[in-house]
Amino acid sequence: MANNARCFLAVLSIAMICSVNCPAREDGGDYTIVEPNEIPGILSIIASSIQGNFEKIKTWQGWITDVSVTSVRGELAGELLKKASKDVDPNNLPDEIQVIHNSRTEYKINVANNHFSSLSDRTEPPAYLDPKNSKIYPLDWGPGERIFLITSDYKTEITAASWGTKDKVISSRMAVKEPPGGVHKLDPRKVFYFGEKTFWRALRNILQNIQTPDIEHYGVVIKKRVAGDNTTYRLEISDSGKKLLSTHIFSSEMGFNQTYFETYFDDGSLRSKKTIEFTKVQNVFLPKKWEGAVYFRDGGLDWQEDCTIENQQINMPIPDNTFSELTYLNSGDKVRDKITNKDFEYKNGALVELVKKPSPK
């Protein structure tokens, strides 16, 4: 009963957020448009400030509390709900459900070597929410422990393979190793990225584009607002056809790190938005909170995330074995290596290859 009550309160709070968090646009008032000849200098200042701040970080660790909502629409929504709960009318299935996740993650990053480690577990049971009928369906998905390891050479996910049916204590784990790629959704470094590139690289690419003759240019408009000692820049980026692609806010008070952005569909409607709050740790600006949302074309919520970071430390030693899957395995656990296409079992502190038996003729 206690778990169900906590689940209800957590999901109810998210439902309230979703109901009031309609696609609002960033207020563009009180800004003045800067002259075109000022744009290169401003882009260079922002890029250098973000890069200089980030490069002070050699290692980074802390805790992230994450609440996320993912919408599922169409026939799949009803099918998932029917499989998850007996308490549903098969003749009146919803055409939309929202999947609610609450988790707490310990992360450790060796920034200099591009090594990332995270250990996550649920803080509340997951649930489906039928938003139209305000009905909650608790989910029993087994243990929520999940480990991610990402380096320049591989990424590994470790999850429970088997567990006790009553106590949910994990009895064995499975590690899946794959080629590297992408940034983990709970990697705090992503606030310093513009897509797949660091912000300073992306801004310098934009600058190079607008200064190169005889090519299709981005449309770049910068607006400026000054309040006391703080200068805020609003960067608006359009494609060559002058359709607005994205808007970005940079504040000198936050070391010119991005504090807000929006992206848009082709018709100009809001596609996504994100707000980032920063704090200073050892004279370095680090994100302390971010809230983001992605929308369907009709304005409905596709995905939403609310993250808070605590106990942040930078430039403290992190053992190398933090980023090895062997650190988190017990005897009998399995490893599936998709890079070499081999399977292993962890025994006596080492991986032993499992030789596949030839199929009978």
Side-chain angles (χ1 to χ4, degrees), residues 1-24 64-105 120-146 157 159-174 176 185-186 263 265 267 269-274 291-308:
M1 289 296 293
N3 280 345
N4 286 339
R6 287 197 301 271
C7 177
F8 175 81
L9 291 174
V11 174
L12 181 60
S13 65
I14 290 297
M16 293 173 64
I17 291 171
C18 293
S19 66
V20 300
N21 195 11
C22 58
I64 297 179
T65 301
D66 174 56
V67 182
S68 66
V69 181
T70 304
S71 297
V72 181
R73 287 181 164 186
E75 292 184 5
L76 179 59
E79 291 302 316
L80 289 175
L81 192 55
K82 191 164 59 174
K83 291 179 181 178
S85 175
K86 297 179 181 179
D87 184 26
V88 60
D89 181 358
N91 299 314
N92 188 27
L93 295 173
D95 58 5
E96 179 176 2
I97 59 172
Q98 292 173 341
V99 190
I100 314 296
H101 287 282
N102 295 261
S103 67
R104 184 169 168 81
T105 299
S120 300
D121 208 344
R122 299 191 188 108
T123 56
E124 302 289 349
Y128 285 148
L129 169 67
D130 176 354
K132 290 183 180 178
N133 298 309
S134 300
K135 188 161 184 179
I136 299 160
Y137 298 87
L139 298 172
D140 184 4
W141 284 353
E145 180 186 285
R146 194 172 295 263
E157 180 181 6
T159 55
S162 60
W163 56 87
T165 55
K166 292 184 179 180
D167 56 17
K168 299 296 188 294
V169 173
I170 297 173
S171 51
S172 68
R173 292 173 173 81
M174 167 64 78
V176 179
K185 76 183 188 74
L186 291 180
T263 65
F265 288 108
D267 62 2
S269 60
L270 187 63
R271 181 177 185 177
S272 68
K273 64 179 182 179
K274 189 170 187 176
E291 297 176 357
V294 178
Y295 300 97
F296 293 111
R297 284 185 176 271
D298 61 11
L301 183 69
D302 183 356
W303 174 84
Q304 179 172 299
E305 181 180 55
D306 185 341
C307 290
T308 302

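By the salt bridge (Lys or Arg N to Asp or Glu O under 4.0 Å) test, R104 pairs with E310, sequence neighbours left out. For W163, the side-chain contact (heavy atoms from CB on, under 4.5 Å) test picks out P143, A160, K168, with sequence neighbours left out. Applying the side-chain contact (heavy atoms from CB on, under 4.5 Å) criterion to N92, with sequence neighbours excluded, gives D89. Scored by the side-chain hydrogen bond (donor to acceptor under 3.5 Å, both in side chains) test, N133 finds D130 as partners (sequence neighbours excluded). Every residue two or more places apart in sequence or in another chain that forms a side-chain contact (heavy atoms from CB on, under 4.5 Å) with E305 is listed here: D66, K185, L186, K190, W290, W303, C307.
Going from atom OG of S68 over to atom CG of N102 covers 7.5 Å, rounded to the nearest 0.5 Å. A distance of 10.0 Å separates OG in S162 from CE in M174, rounded to the nearest 0.5 Å. A distance of 10.5 Å separates OG1 in T70 from OH in Y128, rounded to the nearest 0.5 Å. Of the inter-residue distances, the one linking S71 atom OG with Y295 atom OH reads 11.0 Å to the nearest 0.5 angstrom. Note that the CZ atom of R122 and the OG atom of S103 stand 9.5 Å from one another [nearest 0.5 Å]. One distance of note links NZ of K273 with CD of E291; it measures 9.0 Å at 0.5 Å rounding.
Residues T263 and S272 bring a donor and an acceptor atom of their side chains to less than 3.5 Å of each other. A donor atom on one side chain and an acceptor atom on the other are not found under 3.5 Å apart for D87 and S85.
Taking the side chain as every heavy atom from C-beta outward, D95 and K132 approach each other to under 4.5 Å.
In this structure, the side chain of S172 does not engage the main chain of A161 through any donor-acceptor pair within 3.5 Å. Although no hydrogens or angles enter the test, the distance criterion places no donor-acceptor pair under 3.5 Å between the side chain of T308 and the main chain of T65.
The heavy-atom pair separating D121 from E145 by the smallest distance is OD1-N, 3.4 Å. Heavy atoms only, all atoms of each residue included: A127 and I136 are closest at CB-CG2, 4.1 Å.
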If you look only at distance, which donor and acceptor atoms sit under 3.5 Å apart when one is on a side chain in residues 73-82 and the other is two or more places apart or in another chain?
{"unit_1": "R73", "atom_1": "NH1", "unit_2": "D298", "atom_2": "OD2", "d": "2.9"}
{"unit_1": "R73", "atom_1": "NH2", "unit_2": "D298", "atom_2": "OD1", "d": "3.4"}
{"unit_1": "R73", "atom_1": "NH2", "unit_2": "D298", "atom_2": "OD2", "d": "3.4"}

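The aromatic rings of W141 and H101 are tilted relative to each other, their planes meeting at an angle between 30° and 60°.
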